[in-house]
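Worksheet: the structure to be examined is printed underneath.
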Amino acid sequence: MNLRDRVALNIQDLRRARGLSQGELAHRADVSRGHMGKVENAKFAASLDLLERIAKALNVDPEELFAKRKSVS
């Protein structure tokens with residue numbers, strides 16, 4: 001799995017765990033919902049500034065967005 005896919009899936013997981021819609025997360029991170037959708041679907045490589053805003057909106061340390069994903073057996 002490449003880094004863009006990992007970050008996208010981590011953002012999705014963290015957002016869902018907090019009960020946020022994609023639109024709500026986008027609003028909190030000051031980005032359009034369409035742009036957030038592209039980040040979450042790994043169609044767009046987010047800037048470090050945007051990743052920092054997303055982490056803040058999710059109330060996590062930015063390094064959590066890059067965490068290795070557990071293997072599914």
Side-chain angles (χ1 to χ4, degrees):
M1 173 180 301
N2 67 39
L3 186 58
R4 187 187 304 183
D5 290 334
R6 181 192 306 177
V7 169
L9 291 171
N10 285 337
I11 291 170
Q12 285 178 25
D13 289 349
L14 289 163
R15 174 180 60 77
R16 289 174 180 155
R18 284 154 180 72
L20 296 174
S21 69
Q22 201 174 66
E24 179 62 24
L25 177 57
H27 175 74
R28 291 179 182 194
D30 194 29
V31 66
S32 73
R33 201 226 42 89
H35 193 87
M36 183 62 70
K38 289 179 181 176
V39 170
E40 280 196 11
N41 289 305
K43 301 210 183 296
F44 183 81
S47 69
L48 291 175
D49 291 337
L50 177 54
L51 291 175
E52 186 174 42
R53 293 196 319 263
I54 291 170
K56 184 176 180 182
L58 291 168
N59 198 32
V60 297
D61 191 282
E63 74 180 40
E64 287 193 46
L65 302 181
F66 298 94
K68 284 193 173 187
R69 304 198 34 96
K70 294 179 182 172
S71 298
V72 179
S73 312

Just to verify, what does Asn41 make a side chain to side chain donor-acceptor pair (under 3.5 Å) with, not counting sequence neighbours? none
Leu51-Leu9 co-clustered via ILVMFWY side chain contacts under 4.5 Å: no
Minimum heavy-atom distance between Ala8 and Val39, given as atom pair plus value: CB-O, 3.3 Å
How would you list all residue pairs meeting side chain to side chain donor-acceptor pair (under 3.5 Å) that involve residues 20-29, not counting sequence neighbours? Gln22-Arg33, Gln22-Glu40, Glu24-Arg28
Taking only residues two or more places apart in sequence, or in another chain, which ones meet Lys68 in a side-chain contact (heavy atoms from CB on, under 4.5 Å)? Arg6
Determine the minimum heavy-atom distance between Arg18 and Leu58, stating which atoms define it. NE-O, 2.7 Å
Test salt bridge (charged side-chain N to carboxylate O under 4.0 Å, His left out) applied to Asp13 - qualifying residues, sequence neighbours left out: Arg69
Which value, rounded to the nearest 0.5 Å, describes the distance between Leu14 atom CG and Leu25 atom CG? 9.5 Å
From Ile54 atom CD1 to Ile11 atom CD1, the distance as rounded to the nearest 0.5 Å: 4.0 Å
Inter- and intrachain pairs under side chain to side chain donor-acceptor pair (under 3.5 Å), touching residues 47-65, at least two apart: none
Considering all heavy atoms of both residues, which atom of Ala55 and which atom of Pro62 are nearest to each other, and what is their separation? CB-CA, 3.7 Å
Qualifying residues under ring pair (Phe, Tyr, Trp, His ring centres under 6.0 Å), relative to Phe66, sequence neighbours excluded: none
